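Take a look at the structure set out below.
Please read all numbers here as calculations on a predicted model, not as lab measurements.
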Amino acid sequence: MTRYTVFFEPTSTGYSAYVPDLPGCVAAASTLEETRQLIREAIEFHIEGMRMGGDPVPEPTSHIEQVEVSA
């Protein structure tokens, strides 16, 4: 199993998601859970397409942390 960092953001109609290590790999849906499922499928589809095209599949490189600051 490989773990890619996924960013989820609220939108005016639900949520969107993108994968920084896989440019162009995105998903959007009305609920967070549906967006999670769609981005999983999008990652698998994206990687499959890269392999079929003979492109190298990038290893995950993004790292995310939450930084606490006083506002």
Side-chain angles (χ1 to χ4, degrees):
M1 291 297 251
T2 303
R3 290 179 176 246
Y4 286 96
T5 297
V6 177
F7 286 91
F8 294 90
E9 298 176 330
T11 68
S12 62
T13 58
Y15 292 88
S16 66
Y18 66 96
V19 184
D21 290 321
L22 302 172
C25 187
V26 299
S30 58
T31 67
L32 184 55
E33 187 52 43
E34 186 179 10
T35 306
R36 282 185 184 119
Q37 181 58 40
L38 290 176
I39 198 66
R40 279 187 204 100
E41 294 171 8
I43 291 168
E44 291 171 353
F45 184 73
H46 194 90
I47 290 172
E48 180 182 334
M50 292 179 81
R51 287 183 177 142
M52 288 177 64
D55 297 321
V57 177
E59 291 294 321
T61 60
S62 296
H63 178 79
I64 186 168
E65 291 183 26
Q66 292 185 340
V67 177
E68 188 174 331
V69 299
S70 56

Apply side-chain contact (heavy atoms from CB on, under 4.5 Å) to Phe7 and list each qualifying residue two or more places apart in sequence or on a separate chain.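 Partners of Phe7 under the side-chain contact (heavy atoms from CB on, under 4.5 Å) test: Thr5, Tyr18, Pro20, Ile64.
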Just to verify, what does Ser30 make a side-chain contact (heavy atoms from CB on, under 4.5 Å) with, not counting sequence neighbours?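 With neighbours one apart ignored, the set is Glu34.
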With a 4.5 Å limit on heavy-atom distance, are the side chains of Thr2 and Pro60 in contact?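 Thr2 reaches Pro60 side chain to side chain.
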With hydrophobic residues grouped by side-chain heavy-atom distances under 4.5 Å, do Ile47 and Val19 end up in a single group?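 Same cluster: Ile47 reaches Val19 through Ile, Leu, Val, Met, Phe, Trp or Tyr contacts under 4.5 Å.
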To the nearest 0.5 Å, what is the distance between [atom1] ([X]) and [atom2] ([Y])?
| X | Y | atom1 | atom2 | value |
| --- | --- | --- | --- | --- |
| Tyr15 | Glu33 | OH | CD | 11.5 Å |
| Ile39 | Ile43 | CD1 | CD1 | 5.0 Å |
| Leu32 | Glu9 | CG | CD | 12.0 Å |

Nearest atoms (heavy-atom pairs only) where Ser16 meets Thr35: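 Distance-wise, the nearest heavy atoms are C-CG2, 4.0 Å.
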For the residue pair Val26 and Ala42, what are the closest heavy atoms and their distance?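 That closest heavy-atom pairing would be O-CB, 3.8 Å.
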Which pairs pass side chain to side chain donor-acceptor pair (under 3.5 Å) with one or both residues in residues 39-50, sequence neighbours excluded?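 Listed once each, the pairs are Gln37-Arg40, Gln37-Glu41.
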Counting N and O atoms only, with roles assigned by atom type, does the side chain of Asp21 sit under 3.5 Å from a partner on the main chain of Tyr4, one being a donor and the other an acceptor?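 Between the backbone of Tyr4 and the side chain of Asp21 there is no qualifying donor-acceptor contact (under 3.5 Å).
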